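Okay, so here's the structure we're looking at.
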Amino acid sequence: DGGITQSPKYLFRKEGQNVTLSCEQNLNHDAMYWYRQDPGQGLRLIYYSQIVNDFQKGDIAEGYSVSREKKESFPLTVTSAQKNPTAFYLCASTAQRGVRNTEAFFGQGTRLTVV
Amino acid sequence: ILNVEQSPQSLHVQEGDSTNFTCSFPSSNFYALHWYRWETAKSPEALFVMTLNGDEKKKGRISATLNTKEGYSYLYIKGSQPEDSATYLCAFENPQFYFGTGTSLTVIP
């Protein structure tokens with residue numbers, strides 16, 4: 001079945017360490033996104049990519065980095081510069097960014113806890 | 001960052017009751033309004049993508065309306081069932097997606 005796979009589901013990180021969250025899609029979608037969810041807040045955009053080898057900062061990109069070397073993969077690295085990394089991270093994709101009437105598909109999320 | 005508001009924040013209804021939620025969004029630079037259903041431990045799933053003022057969409061017992069001029073959308077569930085229990089998210093697209101905080105619905109058998 002086509003979909004988005006995020007791994008791992010739960011992740012624990014020590015302060016000062018970088019950690020990479022995986023997001024893979026087999027929907028042949030051009031655009032991929034990373035969102036962060038904190039209690040009482042809506043999903044906020046960290047980074048997005050419209051095409052391979054291209055990505056753009058979202059509203060809260062500081063302390064994060066991404067790559068898009070393959071169409072199906074969009075890993076997110078939470079660096080030690082991210083001051084408050086404990087959160088729920090959700091990956092999504094759309095066929096193309098900015099095309100109306102196109103729904104987003106989501107992974108199941110990764111819950112990151114800094115210990 | 002644009003403001004998308006959903007109300008109520010949470011809702012408990014009895015099985016068989018009908019219910020509705022509201023999503024408010026900016027009335028300018030509108031691309032589309034999305035509704036997603038998010039069950040615990042699962043991925044959000046698309047319910048509706050609405051693009052035209054006055055749009056009404058229906059899927060089974062769930063329907064939605066859209067008013068882009070005044071910046072709101074309503075989601076209706078007729079005859080709620082326990083399996084309708086979930087968080088219902090709306091997202092305003094312009095073309096970035098801006099999400100509300102969701103309405104958590106619990107249907108009590």
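All chains are named by letter (A, B, ...) in the order of the sequence lines, taking the proteins before the strands, and each is independently numbered beginning at 1. Computed from a prediction, not measured in an experiment: that's the story for all the values here.
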Can you say whether [X] sits under 4.5 Å from chain A via the side chain, the backbone, both, or neither, judging by heavy atoms?
{"X": "Phe48(B)", "answer": "neither"}
{"X": "Leu89(B)", "answer": "side chain"}
{"X": "Glu45(B)", "answer": "neither"}

Counting only heavy atoms from other residues, nucleotides and ligands, does the tally under 6.0 Å from [atom1] of [X] exceed 12?
{"X": "Ile51(A)", "atom1": "CD1", "result": "no"}
{"X": "Gln41(A)", "atom1": "CD", "result": "yes"}
{"X": "Glu69(A)", "atom1": "CD", "result": "no"}

Closest approach of Gln96(B) to Asp59(A) (non-hydrogen atoms, all atoms of both residues): NE2-OD2, 2.7 Å
Shortest non-hydrogen contact from Gln108(A) toward Lys42(B): NE2-CA, 3.9 Å
Quick check on [X] against chain B: is it the side chain, the backbone, both or neither that has a heavy atom closer than 4.5 Å?
{"X": "Glu103(A)", "result": "both"}
{"X": "Gln37(A)", "result": "side chain"}
{"X": "Leu43(A)", "result": "both"}
{"X": "Ala104(A)", "result": "both"}

Gap between atom OG1 of Thr94(A) and atom CD of Glu93(B) - 0.5 Å precision: 7.5 Å
Cluster overlap [X] with [Y], hydrophobic side-chain contacts below 4.5 Å:
{"X": "Leu66(B)", "Y": "Leu47(B)", "answer": "yes"}
{"X": "Tyr88(B)", "Y": "Tyr98(B)", "answer": "yes"}
{"X": "Tyr76(B)", "Y": "Tyr72(B)", "answer": "yes"}
{"X": "Leu45(A)", "Y": "Leu21(A)", "answer": "no"}
{"X": "Ile60(A)", "Y": "Leu112(A)", "answer": "yes"}

Pick from Ser43(B), Pro95(B), Ala46(B) with the largest number of heavy-atom pairs that fall under 4.5 Å of chain A: Ser43(B)
Options Phe106(A), Tyr33(A), Phe105(A), Tyr48(A), ranked by heavy-atom pairs under 4.5 Å with chain B, top entry: Phe106(A)
Pair Phe97(B) and Tyr35(A), ring centroids less than 6.0 Å apart: no
Check: Trp38(B) and Leu90(A) side chains under 4.5 Å, non-hydrogen atoms: yes
